[in-house]
Visitor: 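Got a structure for you, questions after.
Residue numbers run from 1 in the order of the sequence given.
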Amino acid sequence: NSGGGITYSLHNNKWMRLKIGTGLQYEKESWRIFEREFLPALDTLSQSSKDKLQEAFGINEKGNINKDNVRWNNYIQMVYILGEKFNMTILGMMQVPLAIPYDNVYNVPYFPVDNKKYPRFTLEVSANFTITRHFSFSAKYFIQHDEGQISPLANEQITNFTNGLVYKF
């Protein structure tokens, strides 16, 4: 992934920062099309059959479709700093694809093509509590909703919670 954009600071003092931003993001994605159990069967195909799969459907020898995507990225970020020990960051993001993700993908029953550009929504909340100069406790909650997945195996919504002890050298 790579990209660039502009950020504007709406508010900045010793306990809170509020920023908004917009820009473009490039991402190279690889969508898995088949269940992993099917991949040995894919290996039994002749090279000419594999080449036809690549040509007709864009499916490579690993059973994936590789796509280059450019998205218009918009976000708002709030950082709360409560003393020297605690800070919390809230990030909301909306990414709109500039092209239909399904371009150059054939419509087959197993793999129905949708001609819409679905935005991707992301919310990330993280908190850090400093214990000592070297140790801190960190927690992060992440949720993302994306209806524009190509693979029928991809979830439209991803949720993740992580926490841990952080050591800084």
Side-chain angles (χ1 to χ4, degrees), residues 1-40 59-60 62-102 105 111 114 116-169:
N1 292 353
S2 62
I6 58 172
T7 300
Y8 181 73
S9 179
L10 296 173
H11 184 79
N12 192 358
N13 64 26
K14 68 179 187 175
W15 62 274
M16 188 181 97
R17 293 190 304 263
L18 178 62
K19 298 189 292 187
I20 58 171
T22 189
L24 293 176
Q25 172 190 349
Y26 164 80
E27 58 187 4
K28 184 168 189 72
E29 293 186 325
S30 182
W31 282 298
R32 184 167 50 100
I33 301 303
F34 301 113
E35 297 285 352
R36 295 195 191 284
E37 295 80 31
F38 181 76
L39 291 181
I59 299 172
N60 66 17
K62 294 181 181 179
N64 296 337
I65 291 180
N66 296 316
K67 295 293 285 180
D68 295 318
N69 298 316
V70 177
R71 294 180 182 268
W72 177 36
N73 191 29
N74 300 284
Y75 75 92
I76 184 166
Q77 180 188 48
M78 294 174 278
V79 178
Y80 298 101
I81 303 167
L82 302 175
E84 295 179 12
K85 298 280 186 187
F86 182 79
N87 68 64
M88 183 170 74
T89 303
I90 302 170
L91 173 67
M93 194 176 335
M94 181 181 75
Q95 298 171 312
V96 180
L98 297 185
I100 297 168
Y102 299 88
V105 176
F111 188 66
D114 191 340
K116 295 181 182 173
K117 293 191 258 184
Y118 294 103
R120 175 189 296 160
F121 298 98
T122 304
L123 174 67
E124 183 175 300
V125 179
S126 62
N128 296 293
F129 180 74
T130 302
I131 301 167
T132 68
R133 190 175 100 200
H134 293 286
F135 285 100
S136 63
F137 177 77
S138 175
K140 184 190 318 186
Y141 176 73
F142 173 89
I143 185 168
Q144 186 173 74
H145 183 79
D146 186 354
E147 291 181 44
Q149 300 288 342
I150 283 185
S151 173
L153 306 175
N155 294 324
E156 289 183 357
Q157 190 158 304
I158 300 168
T159 303
N160 188 12
F161 177 75
T162 57
N163 61 27
L165 193 59
V166 178
Y167 178 78
K168 294 181 188 174
F169 294 95

Visitor: Indicate the atoms forming the closest heavy-atom contact of Arg71 with Tyr118, along with that distance.
Guide: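 So the two residues come closest at NH1-O, 4.3 Å.
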Visitor: Going by atom types only, do Thr22 and Tyr8 share a side-chain donor-acceptor pair under 3.5 Å?
Guide: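 Note: Thr22 and Tyr8 side chains miss the donor-acceptor criterion.
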Visitor: What distance do Met93 atom CE and Asn73 atom CG have between them, rounded to the nearest 0.5 Å?
Guide: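 One finds 5.5 Å between CE of Met93 and CG of Asn73.
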Visitor: Could you give the distance from CH2 (Trp72) to CD (Gln25), rounded to the nearest 0.5 Å?
Guide: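 Those atoms lie 14.0 Å apart.
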Visitor: Sequence neighbours left out, what passes side-chain hydrogen bond (donor to acceptor under 3.5 Å, both in side chains) with His11? Give chain and number order.
Guide: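 Counting only residues at least two positions away or on another chain, His11 forms a side-chain hydrogen bond (donor to acceptor under 3.5 Å, both in side chains) with Asn13.
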Visitor: Is there side-chain contact between Tyr141 and Thr159, with heavy atoms separated by less than 4.5 Å?
Guide: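 Contact flag for Tyr141/Thr159 side chains = yes.
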Visitor: Looking only at non-hydrogen atoms, find the nearest pair between Met94 and Pro119 and report the distance.
Guide: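 Of all heavy-atom pairs spanning Met94 and Pro119, the closest is CG-CB, 4.1 Å.
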Visitor: Distance from Thr89 atom OG1 to Glu124 atom CD, nearest 0.5 Å?
Guide: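 CD of Glu124 is found 8.5 Å from OG1 of Thr89.
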Visitor: Could you list the residues that satisfy side-chain hydrogen bond (donor to acceptor under 3.5 Å, both in side chains) with Ser126, not counting sequence neighbours?
Guide: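 Residues passing side-chain hydrogen bond (donor to acceptor under 3.5 Å, both in side chains) with Ser126: none at all.
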Visitor: Checking side-chain hydrogen bond (donor to acceptor under 3.5 Å, both in side chains) against Gln144, which of Thr122, Asn160, Asn155 comes through?
Guide: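 Checked Thr122, Asn160, Asn155 against Gln144; only one passes side-chain hydrogen bond (donor to acceptor under 3.5 Å, both in side chains): Thr122.
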Visitor: Any non-hydrogen side-chain atom of Leu24 less than 4.5 Å from a side-chain atom of Tyr26?
Guide: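 Counting from C-beta outward, Leu24 and Tyr26 never come under 4.5 Å.
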Visitor: Which residues pass the side chain to side chain contact (heavy atoms under 4.5 Å, CB included) test with Met78, not counting sequence neighbours?
Guide: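 Side chain to side chain contact (heavy atoms under 4.5 Å, CB included) list for Met78, sorted by chain: Leu18, Tyr80, Ile90.
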Visitor: Can you name the residues that form a side-chain hydrogen bond (donor to acceptor under 3.5 Å, both in side chains) with Glu84, not counting sequence neighbours?
Guide: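 Residues passing side-chain hydrogen bond (donor to acceptor under 3.5 Å, both in side chains) with Glu84: none at all.
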Visitor: Just how far is it from atom CG of Asn128 to atom NZ of Lys140, taken to the nearest 0.5 Å?
Guide: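 It is 9.5 Å, given to the nearest 0.5 Å.
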Visitor: Among residues at least two apart in sequence or on other chains, which ones pass salt bridge (Lys or Arg N to Asp or Glu O under 4.0 Å) with Lys168?
Guide: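 By the salt bridge (Lys or Arg N to Asp or Glu O under 4.0 Å) rule, Lys168 matches no residue at all.
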Visitor: In this structure, which one of Glu27, Glu147, Glu156 forms a salt bridge (Lys or Arg N to Asp or Glu O under 4.0 Å) with Arg120?
Guide: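 Among Glu27, Glu147, Glu156, the one that satisfies the salt bridge (Lys or Arg N to Asp or Glu O under 4.0 Å) with Arg120 is Glu27.
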Visitor: Atom CD1 of Ile158 and atom CD1 of Ile143: how far apart are they, to the nearest 0.5 Å?
Guide: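 One finds 10.0 Å between CD1 of Ile158 and CD1 of Ile143.
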Visitor: CG/Leu10 to CZ/Arg17 distance, rounded to the nearest 0.5 angstrom?
Guide: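 The CZ atom of Arg17 is 13.5 Å from CG of Leu10, to the nearest 0.5 Å.
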Visitor: Work out which heavy atom in Lys14 is nearest to a heavy atom in Ile81; give both atom names and the distance.
Guide: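 What the structure gives for the nearest pair is O-CB, 3.9 Å.
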Visitor: Taking side chain to side chain contact (heavy atoms under 4.5 Å, CB included) as the test, write out the residues that go with Phe135, two or more places apart.
Guide: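 Counting only residues at least two positions away or on another chain, Phe135 forms a side chain to side chain contact (heavy atoms under 4.5 Å, CB included) with Ile131, Thr132, Leu165, Tyr167.
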